Amino acid sequence: MAEARELAIDMRRDIQRGIDPIEERKRQKIEILTFKAAAEKVHSEQKAAWKNGKHQDQWINTLETYAFPKLGDRLVNDIEGPLIREVLLDIWLEKPETARRVKQRIGVVLDWAYANGMRATEAPMRSLSRALPRQPKQDGHFAAMPYEDVPTFLKHLHKRTSVARLGLEFLILTASRSGEVRGAKWAEINLDAKLWTVPAERMKVGKEHVVPLTDAAIDVLERARPYYAECSNLVFPGRNVLRPMSDMTLLKILRYAKLAFTVHGFRSAFRDWAAEKTSYPGEVAEAALAHSVSNKVEAAYRRTNYLDKRRELMREWSDFCVGR
C-alpha cells in the first residue's frame with residue numbers, strides 16, 4: 001500500500017507538471033531508433049511508391065554519404081537544428097542541389113519518427129532554413145551540348161568500345177532519358193518492327209513509350225550483344241550484370257573528355273535541332289521526348305503518339321548525328 005501511495009503521489013506531480021502518465025508509459029514502451037535505422041525503415045516503407053529506380057537508390061545513398069557520418073548513430077529524439085546545420089553546412093554552398101535534397105530527406109526521417117512516437121517534435125526545418133546562408137540562384141537548365149557538336153562527339157565515342165559508350169550513343173540517337181536507357185532490356189526491343197517499348201513503370205510520366213529505332217540505333221544494339229547476360233537481360237548492364245550501370249558512369253565519359261555538359265542535355269540538343277533544322281510540328285518533337293501534355297483539355301483529346309512522323313524525325317536526327 002505504501003508503494004501504491006508513493007506511485008499515486010508521483011503521478012499527481014507529473015500531472016501538475018503537464019505530463020500525462022498514461023501517454024508517458026506508452027512512450028517509454030516505444031523503441032527509439034537511431035537515425036540510420038529510422039532512415040532505412042523509411043526507405044523500405046516508401047520506395048515502392050517511387051516509380052524512378054534511380055530515385056530509390058539516390059534517396060538512401062545521399063543520406064549514407066552526407067548524413068550518416070554525423071547523424072547515423074544518434075537517436076532520432078536527440079537530433080535538433082544545430083546538429084542538422086552542421087551536417088549541411090559543408091555542402092550547402094558547394095553542392096546546393098544535393099544539400100537541399102539531404103535537408104529534405106533528413107526532415108522526412110525525423111517527421112516519420114515524430115509520427116511514430118519517437119520524437120516530441122517534428123523536424124526543425126523552418127528555423128534551420130534561416131540559419132543557413134543563401135544559396136546561389138540556379139537557372140534550372142541542363143548544360144546541353146550544342147547540336148552542331150553532336151556528330152563530332154559521336155565520332156569520339158567510336159574511338160573505344162565499352163558498354164557505357166554504347167549506352168550513351170544509344171541515348172543520343174533515341175533522345176531518351178538516362179534511366180530509360182540504363183534500364184533497357186532486350187525483351188523490350190522488337191528488331192523486326194524496329195521498335196523499343198519502354199514500360200510505364202520505367203517512364204517519368206508513368207505512361208508506356210514506344211521509341212522508333214533507326215538503323216544507327218539498331219547498329220548500337222548489335223554491338224551491345226556481346227555484353228548480354230541471360231540472368232539480367234539488360235541491354236547495357238553495369239559491372240554487376242544483374243544491375244544497370246549508374247548514371248555517373250555515363251557522365252564520366254563527358255568528364256573524361258573535359259566536356260562540361262550533362263547527359264540529360266543531349267535531349268535539349270535534339271529539341272533545339274528539331275526546332276532549328278526541321279519543319280516538324282513541336283508536338284511531334286515533344287512526343288519523341290515523351291513529354292506530357294501540359295494542357296489538360298488537349299491531353300484529353302489527343303489520341304495519337306505520332307509514331308509514323310516520329311519515325312521520320314528520328315531517322316533525320318540519326319542521319320544528322322552520324323554525318324550523313
Side-chain angles (χ1 to χ4, degrees), residues 27 30-138 140 142 177-180 182-183 201-202 204 206 238-240 242-252 255 262-264:
R27 190 190 67 79
I30 296 173
E31 179 188 3
I32 308 299
L33 299 179
T34 64
F35 181 84
K36 179 180 178 181
E40 291 172 346
K41 185 76 172 175
V42 173
H43 181 248
S44 176
E45 288 181 1
Q46 297 189 8
K47 67 178 181 180
W50 300 329
K51 295 178 181 178
N52 191 326
K54 174 186 172 183
H55 176 68
Q56 292 178 357
D57 294 337
Q58 281 188 341
W59 198 95
I60 195 67
N61 288 344
T62 52
L63 291 179
E64 288 176 348
T65 302
Y66 300 106
F68 285 4
K70 291 182 179 178
L71 302 182
D73 295 332
R74 295 275 190 139
L75 296 177
V76 288
N77 62 348
D78 190 35
I79 297 174
E80 296 302 336
L83 188 56
I84 302 171
R85 181 180 183 276
E86 185 180 338
V87 170
L88 297 173
L89 202 54
D90 290 342
I91 58 172
W92 191 249
L93 297 178
E94 182 181 345
K95 301 177 180 179
E97 181 61 28
T98 298
R100 287 194 294 270
R101 291 176 181 176
V102 172
K103 176 175 174 284
Q104 185 268 340
R105 289 162 190 174
I106 291 174
V108 169
V109 175
L110 296 184
D111 285 346
W112 176 91
Y114 168 73
N116 283 276
M118 299 180 193
R119 282 177 58 87
T121 62
E122 296 179 343
M125 292 307 174
R126 184 177 179 181
S127 59
L128 183 65
S129 296
R130 297 172 180 170
L132 290 165
R134 179 174 294 181
Q135 292 180 325
K137 290 186 177 181
Q138 305 271 324
F142 293 98
R177 296 182 179 89
S178 172
E180 296 159 11
R182 291 182 294 107
E201 59 268 22
R202 291 207 302 105
K204 183 177 181 179
R239 288 187 177 181
N240 179 348
L242 295 176
R243 302 190 57 166
M245 72 177 81
S246 72
D247 197 24
M248 284 302 299
T249 303
L250 298 180
L251 183 60
K252 283 179 181 177
R255 294 296 173 263
T262 66
V263 173
H264 193 90

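Given the structure is predicted, the values throughout are model-derived calculations rather than measurements.
By the 4.5 Å heavy-atom criterion applied to side chains, Tyr66 and Asp90 are not counted as neighbours. Looking only at side-chain heavy atoms (C-beta outward), Pro69 and Val87 stay at 4.5 Å or farther from each other. Side-chain contact between Lys103 and Ile84 is absent, with no heavy atoms from C-beta onward closer than 4.5 Å. Side-chain atoms of His43 and Leu63, non-hydrogen and from C-beta on, never get closer than 4.5 Å to each other. Residues Thr34 and Phe68 are not in side-chain contact: their nearest non-hydrogen atoms beyond the backbone lie 4.5 Å or more apart. Side-chain contact between Val102 and Lys95 is absent, with no heavy atoms from C-beta onward closer than 4.5 Å.
The two residues Asp111 and Ala123 make their nearest non-hydrogen contact at OD1-N, 2.9 Å.
For Glu40, the salt bridge (charged side-chain N to carboxylate O under 4.0 Å, His left out) test picks out no residue, with sequence neighbours left out.
Between the side chains of Trp112 and Glu45, a donor-acceptor pair is found at a separation under 3.5 Å.
Under the 4.0 Å criterion applied to side-chain N and carboxylate O atoms, Glu80 and Arg119 are assigned as salt-bridge partners.
Here CD of Glu122 is found 5.5 Å from OH of Tyr114. Values are rounded to the nearest 0.5 Å. Within the model, atoms OG of Ser246 and CZ of Arg239 stand 9.0 Å from one another, a figure rounded to the nearest 0.5 Å. Taking CG from Leu250 and CE from Met245, the interatomic distance works out to 5.5 Å, rounded to the nearest 0.5 Å. Leu128 contributes atom CG, which lies 6.0 Å from atom CE of Met125 (distance to the nearest 0.5 angstrom). Within the model, atoms OG1 of Thr121 and CG of Leu110 stand 8.5 Å from one another, a figure rounded to the nearest 0.5 Å. Distance check: Leu132 CG to Leu88 CG gives 6.0 Å after rounding to the nearest 0.5 Å.
Remark: side-chain polar atoms of Asn116 are not paired, donor with acceptor, to backbone N or O of Met118 under 3.5 angstrom.
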ask   = Please walk me through it: do Lys47 and Ile60 pass side chain to side chain contact (heavy atoms under 4.5 Å, CB included)?
value = CA-CA 10 Å; Lys47 67 178 181 180; Ile60 195 67; over 6 Å; no
